[in-house]
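Right, one structure below, let's go through it.
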Amino acid sequence: MSEAGQQPKSESDVEFPAAIEALRTRRSGHNFDPDTDLDTETLEAVVRDAAFAPSSYNLQPWEFVAISDDERLEELVDIAYGQEHILDAGTAILVGGHTDPKTADRVFEEWVEADRFDAETGEQVKEQTVAGYESERAGRDYAMRNASLAVQNLLLSAHARGLTATPMSGFDYEAAAEFVDMPEDTVPVVLVAIGPSGGEEPERLPRRDVDEVLHEETF
Ligand SMILES: Cc1cc2nc3c(=O)[nH]c(=O)nc-3n(C[C@H](O)[C@H](O)[C@H](O)COP(=O)(O)O)c2cc1C
């Protein structure tokens, strides 16, 4: 929606063109440079960018497990039903989401400390938020929604840094959780193969048209 009194902005009139270009050119690549791996500084940078994602009440209910040991990556290929590009990538990040609002105490304290809520409101909103996690289904929904937004940030950050990053759900979730000793209150959301690009990728498949996916007011 445009600001009051302004015409809607045109397709080319954007404040951050590089951001639009990045999200339009990002690819889930399979062509990694097998001879170079991600360094620690870059790994930390993409995870830091991932954590700038929005989350429900800023709970930040996500975790990132980076696997780069060659033998462990080979095991991970088996867990991911033979997806060999994990090995070429050199690093895989298993992104997990909390099914339990375990950051709530700390985060709602921060809302109150920053004077965004008074103490009583902070406590009430925290209780409502915690109650929202009660059913198993609700907990998983929260985990998936919030951590998926962090995954997209991570993919865009990798792309902006000239890396290739591919999100994957083609893996055995239980085996992956066990493989990284994931705690009971966290579920695997997406596995990301990430590393320096090995060059061109096949042409992008078409996207459904805006006319097809955009519904105004109702379906
Ligand atoms: C939830 C999800 C699961 C995916 N699982 C896999 C996967 O297991 N292996 C893989 O190579 N790519 C996987 N992809 C990548 C998709 O194939 C890819 O995003 C899609 O074909 C569009 O291509 P693009 O990302 O290059 O635009 C997955 C993507 C998403 C969002």
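Model, not experiment: these values are computed from the prediction. Counting convention: from 1, in listed order, for ligands and their atoms alike.
Remark: ligand 1 atoms within the under-4.0 Å shell around heavy atoms of His85 are 11 (O). Interface atoms of ligand 1 facing Arg26, defined by a heavy-atom separation under 4.0 Å, are 24 (P), 25 (O), 27 (O). Under a 4.0 Å criterion applied to the non-hydrogen atoms of Arg204, ligand 1 contributes the atoms 24 (P), 27 (O). Annotation for ligand 1: atoms under 4.0 Å from non-hydrogen atoms of Arg27 are 26 (O). Within ligand 1, counting atoms from 1 as listed, the ones closer than 4.0 Å to a heavy atom of Gly170 are 8 (O).
At least one protein heavy atom sits closer than 4.0 Å to atom 27 (O) of ligand 1.
Arg140 CZ: 12 or fewer foreign heavy atoms inside a 6.0 Å radius.
Regarding atom 20 (C) of ligand 1, its nearest protein heavy-atom neighbour is Ser28 OG, 4.8 Å. Summary of contacts: the protein heavy atom closest to atom 9 (N) of ligand 1 is Gln83 OE1, 2.8 Å. Given atom 22 (C) of ligand 1, the protein heavy atom at minimum distance is Arg207 NH1, 3.8 Å. The nearest protein atom to atom 6 (C) of ligand 1, hydrogens excluded, is given as Pro167 O, 3.3 Å; this is a heavy-atom distance. In terms of protein heavy-atom proximity, atom 21 (O) of ligand 1 is closest to Leu205 CD1, 5.0 Å. In this structure, the protein non-hydrogen atom closest to atom 1 (C) of ligand 1 is Ser169 OG, 4.1 Å. Remark: minimum distance from atom 11 (O) of ligand 1 to any protein heavy atom is reached at His30 NE2, 2.7 Å.
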Q.
Working note: Glu123 + Lys126, criterion salt bridge (charged side-chain N to carboxylate O under 4.0 Å, His left out); need CA distance, chi angles, decisive distance, verdict.
A. CA-CA 5 Å; Glu123 197 53 40; Lys126 184 174 86 180; 3.8 Å; yes
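Across Val95, Leu76, Val65, Ile93, a single residue satisfies side-chain contact (heavy atoms from CB on, under 4.5 Å) together with Leu191, and that is Leu76.
Side-chain contact annotation: His30 with Thr166, donor-acceptor N/O pair under 3.5 Å absent.
For the pair Ala53 and Asn153, the tightest heavy-atom approach, listed with the atom from each and the gap, is N-ND2, 3.2 Å.
Outside the 6.0 Å centre-distance limit, the rings of Tyr81 and Phe171 are not counted as a close aromatic pair.
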